[in-house]
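Note sheet for the following structure.
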Amino acid sequence: MSSQPFSVLSARSALKHLFSRRNFLGASTAAVAGALASERAVAQVNAQGSEQQRSASDPGPQNRTLQQLFPNSVSPPPTDHALPPTFWSSFSMMHRRIQDGGWSRQVNVNDFPISKDIAGVNMRLTAGGIRELHWHEADEWAIMLYGNCRITAVDVDGGTFVDDVSAGDLWYFPTGVPHSLQGLGPDGCEFLLVFDDGKFSEDNTTLLSDWMIHTPPDVVAKNWSVPESALASFKTIPQEGRYIFQAAVPGGLAQDRSAAINSGQRSTQTFDFRMMRMQPQKSDRSGEVRIVDSTNFAASQNIAMAHVTVKPGGMRELHWHPNANEWQYYIAGKGRMTVFFNRAEARTADFNPGDVGYIPQTLGHYIENTGDTDLVFLEMFKTSHYQDISLNQWLTHIPPELVTQHLGISPETLQAIPKANTAIVPG
């Protein structure tokens, strides 16, 4: 069998037919010229394809594992152009701080320079494992990814808050509000924390034990109205504080709530939110979107979010966010995203569970499900209110001549574009 491309063989077959004895006299000069031009065009396309393959070849050392995870970095679409900044990172690449009772890892501006206003922490606690009593200099938003956790807090009026959260639930602790987290049975928990400061670091958290052992003991004793001998246990605390440590699984929620309220009053604020119990604001056969911000979760005054599920073949439609940068966290599935940076700059990246994405405010983008299971991810914003603008809705709500004159598309093509901001479009 010939190794020539099928399209070239077809063109040559047509020429042979034209010049056969039976057809030669009836063949027009135009037909012959057309067939010759067709062969030249096909040959040129195949030559260009071969040249492109030769130019993209990579005979040197290769990391096959990464190539499989990030095919759009190895072979970017031809629409990618210039050298926009990296907008991909991953918790899987970050150092895990493992202690007796759990672990943590973080992505902040040190490892992800583009994200200057949001940082993230991924944390795991065993059953009974405690993230010790502490507070932050940034607002803390969280989503439970796995298991069960007990959270406690004291508000600025001295009110106590104790509750249990499970997978899909959120919590929010404003700057300076002291709180704690403890894994429950049967297997503790894992969660994602999002902070409204790209420079945030878990190392700069105010820990109760760290503070106490670095305050003169006579001062602590005076403050607590106890003798210094009552503080002998401070000598067993690590020099940097406890941070995460193992303890017994706590008793029932009602028991802890009763014990806390006996020392004060119950907080009038609600610091958690049952996200998966709410109806999605947008939902169809292609996926669904749940939006949570200060309008439906009062505590969340400085962070807004969307929890997005895209079915196989579907896509988070082309859109942009006018009021904030977008920080993403990928929970499940496989996806790809192209961000258009203006000035003829565009870049495509692939995303897998545990990865982080970032899109600067107002830049156009999409997120496509490239796998065969649901793509689930978070859109996070440092703002009190969620906002997005759909390309489809924009183009279908202005005089149609404006659009056809800009893009040269037909009125029929414009008419086919979905009219609403559906968030997700089918494949």
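Note that the structure is a prediction, hence the values are computed from the model and not measured. Here, residue 1 is the first one in the sequence, and each next residue gets the next number.
Remark: Phe245 pairs with no residue by the ring pair (Phe, Tyr, Trp, His ring centres under 6.0 Å) rule, at least two apart or across chains.
Within the 3.5 Å criterion, the main-chain N or O of Asp157 finds a donor-acceptor partner in the side chain of Asp155. A distance-only check finds no donor-acceptor pair linking the side chain of Tyr386 to the backbone of Phe381 [under 3.5 Å]. With Gln182 contributing its side chain and Gly128 its backbone, the two residues share a donor-acceptor pair below 3.5 Å. Looking only at distances, no side-chain donor or acceptor of Arg124 sits under 3.5 Å from a matching main-chain atom of Trp103. Looking at Asp169, its side chain never comes within 3.5 Å of a backbone N or O of Met144 through a donor-acceptor pair. The backbone N or O of Met305 lies less than 3.5 Å from no partner atom in the side chain of His307, so there is not a single donor-acceptor pair. Side chain of Asn122 to backbone of Phe191: a donor-acceptor contact under 3.5 angstrom is found. Using modelled atom types, no side-chain atom of Thr270 and backbone atom of Asp272 make a donor-acceptor pair closer than 3.5 Å. Between the side chain of Thr404 and the backbone N or O of Glu401, at least one donor-acceptor pair lies under 3.5 Å. No donor-acceptor pair closer than 3.5 Å links the side chain of Ser300 to the backbone N or O of Ser294.
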| message | For Tyr172 and Val292: C-alpha separation, side-chain torsions, deciding distance, then whether side chain to side chain contact (heavy atoms under 4.5 Å, CB included) applies. | response | CA-CA 12 Å; Tyr172 193 98; Val292 180; over 6 Å; no
**Audit row: Tyr243, Asp203, side-chain hydrogen bond (donor to acceptor under 3.5 Å, both in side chains) steps and yes/no** = CA-CA 9 Å; Tyr243 186 63; Asp203 294 333; over 6 Å; no
Item checked: side-chain hydrogen bond (donor to acceptor under 3.5 Å, both in side chains) assessment of Asn392 paired with Ser390 -> CA-CA 5 Å; Asn392 290 349; Ser390 158; 4.9 Å; no
- Would you please test Ile424 and Val289 for side chain to side chain contact (heavy atoms under 4.5 Å, CB included) and show each step? CA-CA 8 Å; Ile424 302 170; Val289 179; 4.0 Å; yes
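Here the side chains of Pro77 and Asp80 are in contact, with some heavy-atom distance below 4.5 Å. Contact annotation: the side chain of Met380 approaches that of Ile303 to within less than 4.5 Å [non-hydrogen atoms, C-beta and beyond]. Side-chain contact between Pro360 and Asn325 is present, with at least one heavy-atom pair separated by less than 4.5 Å. For the pair Thr348/Pro76, no side-chain contact is recorded, criterion being any heavy-atom separation below 4.5 Å from C-beta on. Taking 4.5 Å as the limit, some side-chain heavy atom of Leu125 sits within range of a side-chain heavy atom of Ile244. Put simply, the side chain of Asp256 reaches to within 4.5 Å of the side chain of Pro250, judged on heavy atoms. Side-chain contact between Gln281 and Asn296 is present, with at least one heavy-atom pair separated by less than 4.5 Å. In this structure, the side chains of Met93 and Asp111 stay at 4.5 Å or more apart for every pair of heavy atoms.
The shortest non-hydrogen separation linking Ile130 to Ala247 is CD1-CB, 3.7 Å. Heavy-atom minimum distance, Gln387 versus His321: O-ND1, 2.8 Å. Glu288 and Pro280 make their closest contact through OE1-CG, 3.7 Å (heavy atoms, listed as atom of the first residue, atom of the second, distance). The shortest heavy-atom contact between Ser286 and Val425 is OG-C, 3.9 Å. Here the closest heavy-atom approach between residue Ser104 and residue Val121 is recorded as CB-CG1, 4.4 Å. Across Pro353 and Ala332, no two heavy atoms sit closer than the pair CG-CA, 4.0 Å.
A ring pair (Phe, Tyr, Trp, His ring centres under 6.0 Å) check over residues 390-427, counting only residues at least two apart or in different chains, returns the pairs Trp320-Trp394. For residues 266-285, the set of pairs meeting the ring pair (Phe, Tyr, Trp, His ring centres under 6.0 Å) definition, not counting sequence neighbours, comprises Phe161-Phe271, Phe173-Phe271, Phe273-Phe297.
Ionic pairing of Asp163 and Arg150 is not present here: no N-O contact between side-chain nitrogen and carboxylate oxygen is shorter than 4.0 angstrom. A salt bridge is defined here as a Lys NZ or Arg NE, NH1 or NH2 lying under 4.0 Å from an Asp or Glu carboxylate O, and Arg242 with Asp100 fails to meet this definition. Salt bridge Glu202/Arg97: absent, no basic N to carboxylate O contact under 4.0 Å.
Between the side chains of Asn421 and Lys282, a donor-acceptor pair is found at a separation under 3.5 Å. Side chain to side chain, Asn108 and Ser201 fail the donor-acceptor criterion of an N or O pair below 3.5 Å. For the residue pair Trp171/Glu140, the side-chain donor-acceptor check at 3.5 Å is satisfied.
Atom CD of Gln415 is surrounded by 12 or fewer heavy atoms from other residues, nucleotides or ligands within 6.0 Å. For NE2 of His81, the number of neighbouring non-hydrogen atoms (other residues, nucleotides, ligands) closer than 6.0 Å is 12 at most. Counting non-hydrogen atoms of other residues, nucleotides and ligands closer than 6.0 Å to NZ of Lys419 gives a total above 12. Within a 6.0 Å sphere centred on CG of Asp372, other residues, nucleotides and ligands contribute 12 heavy atoms or fewer. Atom CZ of Arg274 has more than 12 neighbouring heavy atoms from other residues, nucleotides or ligands inside a 6.0 Å radius. Counting non-hydrogen atoms of neighbouring residues, nucleotides and ligands closer than 6.0 angstrom, the CG atom of Leu66 exceeds 12 such neighbours.
To the nearest 0.5 angstrom, Met212 atom CE is 11.5 Å from His214 atom NE2. Remark: Asp284 CG to Thr422 OG1 distance equals 6.5 Å, nearest 0.5 Å. Once rounded to the nearest 0.5 Å, the distance linking CG of Asp117 with CG of Asn302 reads 10.0 Å. Interatomic distance, Asn72 CG to Thr370 OG1, rounded to the nearest 0.5 Å: 7.5 Å. Taking CG from Leu363 and CG from Asn342, the interatomic distance works out to 5.5 Å, rounded to the nearest 0.5 Å. In this structure, Arg347 CZ and Ser73 OG are separated by 6.5 Å, a value rounded to the nearest 0.5 Å.
Of the residues listed (Arg316, Gln328, His319), the one engaging His365 in a side-chain hydrogen bond (donor to acceptor under 3.5 Å, both in side chains) is His319, and it is the only one. Of the options Phe351, Phe91, Phe377, a ring-ring contact (aromatic ring centres under 6.0 Å, His included) to Tyr329 is made by Phe91 and by none of the others. The residue from Glu137, His134, His136 that alone fulfils the side-chain hydrogen bond (donor to acceptor under 3.5 Å, both in side chains) condition with Thr205 is His136. Among Thr373, Asp374, Asn369, the one residue that satisfies the side-chain hydrogen bond (donor to acceptor under 3.5 Å, both in side chains) test with Lys311 is Asp374.
Between Tyr358 and Phe87, the distance separating the two ring centers is not shorter than 6.0 angstrom.
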